[in-house]
Amino acid sequence: MRTSEFTNEPVITWDDNGAPRSVRFDDKYFCQENGYDEAIYVCCNLNALEARFKALPVESPGTFTIVETGFGTGLDFCCARQVWEANAPPSWIMHFISLERYPLSAEQLGRALGHWTQLAQFANELAAAYIPKATGSQDLFFKDGHVHLTIIFDDVIAALEKILQDRLAGAGADALFLDGFAPSKNPAMWTPEVFRLLAALSRPGTTLSTFTVAGFVRRGLEAQGFSLIKKPGHGKKSELLTGIFSDRKS
Ligand SMILES: C[S@@+](CC[C@H](N)C(=O)[O-])C[C@H]1O[C@@H](n2cnc3c(N)ncnc32)[C@H](O)[C@@H]1O
């Protein structure tokens, strides 16, 4: 099996329960027992998405923007879409912007998402439309254009710079999902430059959530203007991190 640094093949294995695991990073994409519940809790509940979607003003439609680091299987996207379609006014658009340097194939993505019967419709639509690339990006539109997914196939720094340069997140993202494998296994997704770019993509009120509570991640985000608090974890994780951008650097 090749694990060369010079390829962007994801290099995965499948565990006994059929969940994908990265060989390159020796880490899992999601927890095979309760990955769906965990994604709903960490990405959606910790960012208070249901309440925020419900509060969007019907009379003045706009776009709610989520930026994610690490598209992986698309589980977080499908969960966000599910919560969006159940709660947001139909006139609004959700723009979900994600990035991925080591994209799964469409077959791998479909197989991984096949785990979650709760998401079957969204997973099937995603797997049918998703075309992974070595570089560049893909824009996918679902629900008559009211769900817009942008995937940038690049390294985290270059992808965040592109989101900034092309103003893909408009005046600032509404929510950030940070999901780039454990910092101990993949420090490249958790550098001061990544935190600086995330802050540049934020505005006062932008929320974030992540699976990690690593001290250097917390301090790095706080140094860029995020106020963070630890929250009780889910499943095997005892604690998680959530935060809000306030524009006041420590
Ligand atoms: C934990 S997985 C993300 C899981 C995903 N959010 C989901 O819903 O399935 C982390 C992802 O980050 C990607 N990744 C790792 N290092 C990266 C880098 N330097 N730049 C961009 N993506 C990277 C991995 O290929 C992997 O897909």
Side-chain angles (χ1 to χ4, degrees), residues 3-15 18-32 34-44 46-47 66-83 96-106 108-116 118-119 122-123 126-127 130 132-137 149-163 175-191 193-195 197-198 208-212 214 217 234-235 237 240:
T3 56
S4 161
E5 272 303 302
F6 303 101
T7 153
N8 65 351
E9 285 171 37
V11 194
I12 59 168
T13 54
W14 299 89
D15 69 19
R21 183 175 183 87
S22 167
V23 174
R24 182 189 303 273
F25 296 106
D26 184 27
D27 204 351
K28 57 188 183 320
Y29 285 76
F30 53 69
C31 173
Q32 73 268 23
N34 60 2
Y36 167 81
D37 292 344
E38 207 168 63
I40 289 281
Y41 178 71
V42 181
C43 302
C44 301
L46 292 186
N47 282 296
I66 297 170
V67 173
E68 177 189 55
T69 53
F71 184 69
T73 66
L75 174 62
D76 294 340
F77 163 71
C78 290
C79 288
R81 182 178 169 190
Q82 188 179 49
V83 176
F96 191 104
I97 307 169
S98 194
L99 54 92
E100 181 54 64
R101 181 172 175 189
Y102 309 99
L104 297 177
S105 70
Q108 290 168 330
L109 179 140
R111 180 173 165 187
L113 289 176
H115 236 66
W116 314 113
Q118 312 90 318
L119 296 171
F122 304 137
L126 175 62
Y130 165 81
K133 303 178 187 177
T135 57
S137 61
L149 169 64
T150 301
I151 312 171
I152 302 169
F153 298 104
D154 211 333
D155 182 68
V156 60
I157 300 278
L160 291 175
E161 282 172 346
K162 180 174 172 56
I163 297 169
L176 308 171
F177 299 166
L178 312 189
D179 193 13
F181 291 130
S184 57
K185 305 207 169 178
N186 189 18
M189 288 290 260
W190 309 95
T191 64
E193 181 61 0
V194 170
F195 304 146
L197 289 164
L198 289 170
L208 76 75
S209 63
T210 177
F211 286 90
T212 183
V217 170
H234 195 274
K237 294 284 293 182
L240 302 164

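As the structure lists them, so they are numbered: ligands from 1, and atoms in each ligand from 1. For this chain, numbers begin at 1 and follow the sequence in order.
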Quick check: does Glu68 get an N/O under 3.5 Å from an N/O on ligand 1? yes
Looking at atom 17 (C) of ligand 1, what's its closest protein heavy atom, distance included? Met189 SD, 3.5 Å
Contact between Thr69 and Phe177 at the side-chain level, heavy atoms closer than 4.5 Å - yes or no? no
What is the closest protein heavy atom to atom 8 (O) of ligand 1, and at what distance does it sit? Asp76 N, 2.9 Å
shortest atom 16 (N) of ligand 1-to-protein heavy-atom contact is with Asn186 ND2, 2.9 Å
Answer yes or no for Leu104: is there a heavy-atom contact with ligand 1 below 4.0 Å? no
Report yes if some heavy atom in the side chain of Tyr29 is under 4.5 Å from a heavy atom in the side chain of Pro10; otherwise report no. yes
Any sub-3.5 Å donor-acceptor pair from Ser209's side-chain atoms to Val42's backbone N or O? yes
N/O donor-acceptor pair under 3.5 Å between Gln108 side chain and Ile12 backbone: no
Calculate, to the nearest 0.5 Å, the distance between atoms CZ and CG belonging to Phe71 and Asp179 respectively. 11.5 Å
Answer whether the closest heavy-atom distance between the side chains of Ile163 and Val67 falls below 4.5 Å. yes
I'd like to know if the side chain of Trp14 and the backbone of Ala112 have a donor-acceptor N/O pair within less than 3.5 Å. no
Arg24 (side chain) donor-acceptor with Asn8 (main chain) under 3.5 angstrom: no
Polar atom proximity, Ala188 to ligand 1 (N or O, under 3.5 Å): no
Please say whether Phe25 places an N or O atom under 3.5 Å from an N or O atom belonging to ligand 1. no
Give the intermediate values and the outcome of salt bridge (charged side-chain N to carboxylate O under 4.0 Å, His left out) for residues Asp15 and Arg21. CA-CA 7 Å; Asp15 69 19; Arg21 183 175 183 87; over 6 Å; no
shortest atom 22 (N) of ligand 1-to-protein heavy-atom contact is with Arg101 N, 3.2 Å
Look only at the side chain of Ser22 and the backbone of Lys28, and say whether a donor-acceptor pair between them is shorter than 3.5 Å. no
Per-atom contacts, ligand 1 versus Thr73 - under 4.0 Å to a heavy atom: 7 (C), 8 (O), 9 (O)
Taking Tyr130 for the side chain and Gly110 for the main chain, is one N or O donor matched with an acceptor at less than 3.5 Å? no
Within 4.0 Å of some non-hydrogen atom of Asp155, the atoms of ligand 1 are 18 (C), 19 (N), 20 (N)
Looking at Leu75, which atoms of ligand 1 are within less than 4.0 Å of one of its heavy atoms? 7 (C), 8 (O), 9 (O)
Hey, does Gly74 sit under 4.0 Å from ligand 1 if you only count heavy atoms? yes
Proximal atoms of ligand 1 relative to Gly180 (non-hydrogen, under 4.0 Å): 10 (C)
Suppose we measure from atom 13 (C) of ligand 1 to each protein heavy atom; which comes out shortest, and what is that distance? Glu100 OE2, 3.3 Å
Atom 12 (O) of ligand 1 sits nearest the protein heavy atom Gly70 CA, 3.5 Å
Hey, does Phe30 sit under 4.0 Å from ligand 1 if you only count heavy atoms? no
Check: Glu68 and Leu178 side chains under 4.5 Å, non-hydrogen atoms: no
Is the closest N or O pair between Val156 and ligand 1 shorter than 3.5 Å? yes
Got the closest protein heavy atom to atom 4 (C) of ligand 1, with its distance? Asp179 OD2, 3.3 Å
Which of the atoms in ligand 1, numbered in the order shown and given with their element, are less than 4.0 Å from a heavy-atom of Phe71? 5 (C), 6 (N), 7 (C), 8 (O), 9 (O)
